[in-house]
Amino acid sequence: MAAAMELRCWGGDWGLPSVHTDSLVVLAYAKFSGTKLTVSPVDWTWKTLTASVPELVCGESVVQEPTQILNFLRKQRLNADYELTARQGADTMAYIALLEEKLRPALLHTFWVDAENYSNLTRPWFASRSPFPLNFFLPSRLANTALARILVTKGEGLLHRISEVEGKIYSDAKECLNLLSYRLGTANYFFDNSPTSLDAFVFGFLAPLHKADLTSSPLQSHLRQLDNLTRFCDNILAAHFNADKPCPLPPAMETMDANLQKLTQLVNKESNLIEKMDDNLRSSPQHKPHRPDPKSSLSSSKSSTPA
Amino acid sequence: MSPQKDPPSGVDDFPHSPWSKTLLCGFAPVRLNPQPLDRVTVPPWRSRRISEEYYNMSLAAEAFVSQMAAAEPWPENATLYQPLKDDQILLSDHASSLAVQAYLRMCGLPVQVVCRANAEYMSPSGKIPFIHVGNQVVSELGPIVQFTKAKGHTLSDSLDDVQRAEMKAYMELVYNMLLTAELYVQWCDDATAAEISRPRYSTPYSWPLGKILAYQKQWEVRRKMNAIGWGGKSLEQVYEDVSQCCQALSQRLGTQPYFFNKQATELDALVFGHLFTILTTRLTSTELAERVKSYSNLLSFCRRIEQTYFEDKGS
């Protein structure tokens, strides 16, 4: 328990202690459980190529992967989940699975596969933090790994083209964000008032998306509409990472966000209403067959859509 | 009804004429058009709003298909296709197929199970099982649930938003842990792969095609395991993950009859499909089944669902 623990992870930027999702998860959990960690960023070292990040070195044992690291810390009695009931622990596992399956592919796509973001943000960042000559091929290697992961897990075997999968992964990710928003509600953390490993995972996934300076990201704008999630990230940053400059939203933008939030809620309610109307219409005794207009209206409205 | 020329911004294109009662497909950005949306909340007008941000042929086509699906009631001759039951089907496919069958039975929708050797290739996404309803083909539990919802049969209506979020999260847990573990045990464990999976997978084909296809499938699954980080796991670790997943499910279920108290949902169908298959399939070692058996409330859950929904099945 007293052995010094060292965490190797990517460095920070954009107001975050680290820009890498997995590293951020471990860092957040360390803060929540009161672990004393020395953080040694792998930036500008050859470890960017050789080490698997994040990596926890404690005495002689080396642990990789966020879940393994969290288990290891729990065994060392550094447990942020101590007060959770069994059912809340089960919920934690379920929500982490949801994040991994639904949100991770879209995050990988936003940062590594989307051409604009990759060339404007991700590649310069990672290249500038790698030593010569790694900066030439390390970012592209990471990008290829990301693309391969998306295609292998989400590509339907026969469709090995990313464009066919894009729509689906983004809609899954938006749904995942909505579900997280419903679950969080108005609370500060997911369970009671103290942060747990689920909060660490959600923070690790959402914070880079929230804070990064992405040029084109529908997912980021969707996240920004869900202000309980953005507030969640900002809270954790302010409370646990003592951010010197908590990114203040100018008041005008806040009211606009409030309006957007109201509109989103209105639209969601209206979709529910339309679905209920559908049910009513379907269950009415005389089921009127549709006129064969759907095809023509669809094709005519397609032609009027902006390209 | 004709569009107004150069309508002022913020106003919809059809301000004066009454809107017709046909299906309208609007591709407007969500945040700019509250006015027309207000007008279509009043029956008998109905609309489906499709976001412009992801205007994508497949999404528009999906919305269109679901609208067409809603037009027809569930036919009597709906069929579910899966690989041959005795010789060919593998653990993970059987689990998925049983989950879909359980779901359809819970909805009270009749479906006929047909076994075909080439079911995997017939399926639109390459995954088993798939259903053939009317003139549409839908595969995998997620899309099938949406499809039946479009036809008006759904089990998760009475759940509120938080419960629905939980249900989706637990379904992802099952896919992430149980299904992946099943695939791992079948294809990445050399003993099982050599004794059971490869021979079974190659039964419909003659040598050497069977061997080639079996090895190709094994390579594909191993590639996927490596991509998600399960490639380096040992069998013992995988069994441990299965135990943890079952523990989570057992704690969530508690003493209730179903996961969301009185009513069966798609989560119950999915969990039943996987657990029942694990319990009743013979593998090279009984370790997997033993791990599941140690949770008695899951066992009684499976028995209860089998008795309630499958009692006329016989064996």
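Since the model is a prediction, treat every value here as computed from it, not as a measurement. To find a chain, count down the sequence lines: A is the first, B the second, and so on, and within it residues start at 1.
Here the OH atom belonging to B/Tyr170 is positioned 12.0 Å from the CG atom belonging to A/Leu98, to the nearest 0.5 angstrom. The CZ atom of B/Arg164 sits 9.5 Å away from the CG atom of A/Leu179 when rounded to the nearest 0.5 Å. Rounding to the nearest 0.5 Å places CD of B/Gln237 at 6.5 Å from CD of A/Gln68. To the nearest 0.5 Å, atom CZ of residue A/Arg183 and atom CD of residue B/Glu166 are 6.5 Å apart.
Residues that satisfy the side chain to side chain donor-acceptor pair (under 3.5 Å) test with B/Asp93, not counting sequence neighbours, are absent from this structure. The salt bridge (Lys or Arg N to Asp or Glu O under 4.0 Å) check on A/Glu100 picks up A/Arg104, A/Arg149, with sequence neighbours excluded. For the ring pair (Phe, Tyr, Trp, His ring centres under 6.0 Å) test, no residue two or more places apart in sequence or in another chain qualifies with B/Tyr184.
Using a 4.5 Å cut-off between heavy atoms, A/Glu175 touches chain B through its side chain atoms alone. At a 4.5 Å heavy-atom cutoff, the contact between B/Gln244 and chain A is made by backbone and side-chain atoms alike.
Summarising the local packing, CZ of A/Arg141 is surrounded by 12 or fewer heavy atoms from other residues, nucleotides or ligands at distances under 6.0 Å.
Here the closest heavy-atom approach between residue B/Ala248 and residue A/Ala90 is recorded as O-CB, 3.3 Å.
The pair B/Glu172-A/Lys102 meets the salt-bridge criterion, since a charged nitrogen lies less than 4.0 angstrom from a carboxylate oxygen.
Interface residues of residues 173-183 of chain B toward chain A, defined by a heavy-atom distance below 4.5 Å and sorted by number: B/Leu173, B/Asn176, B/Met177.
Side chains of A/Tyr182 and B/Asp160: no donor on one and acceptor on the other come within 3.5 Å.
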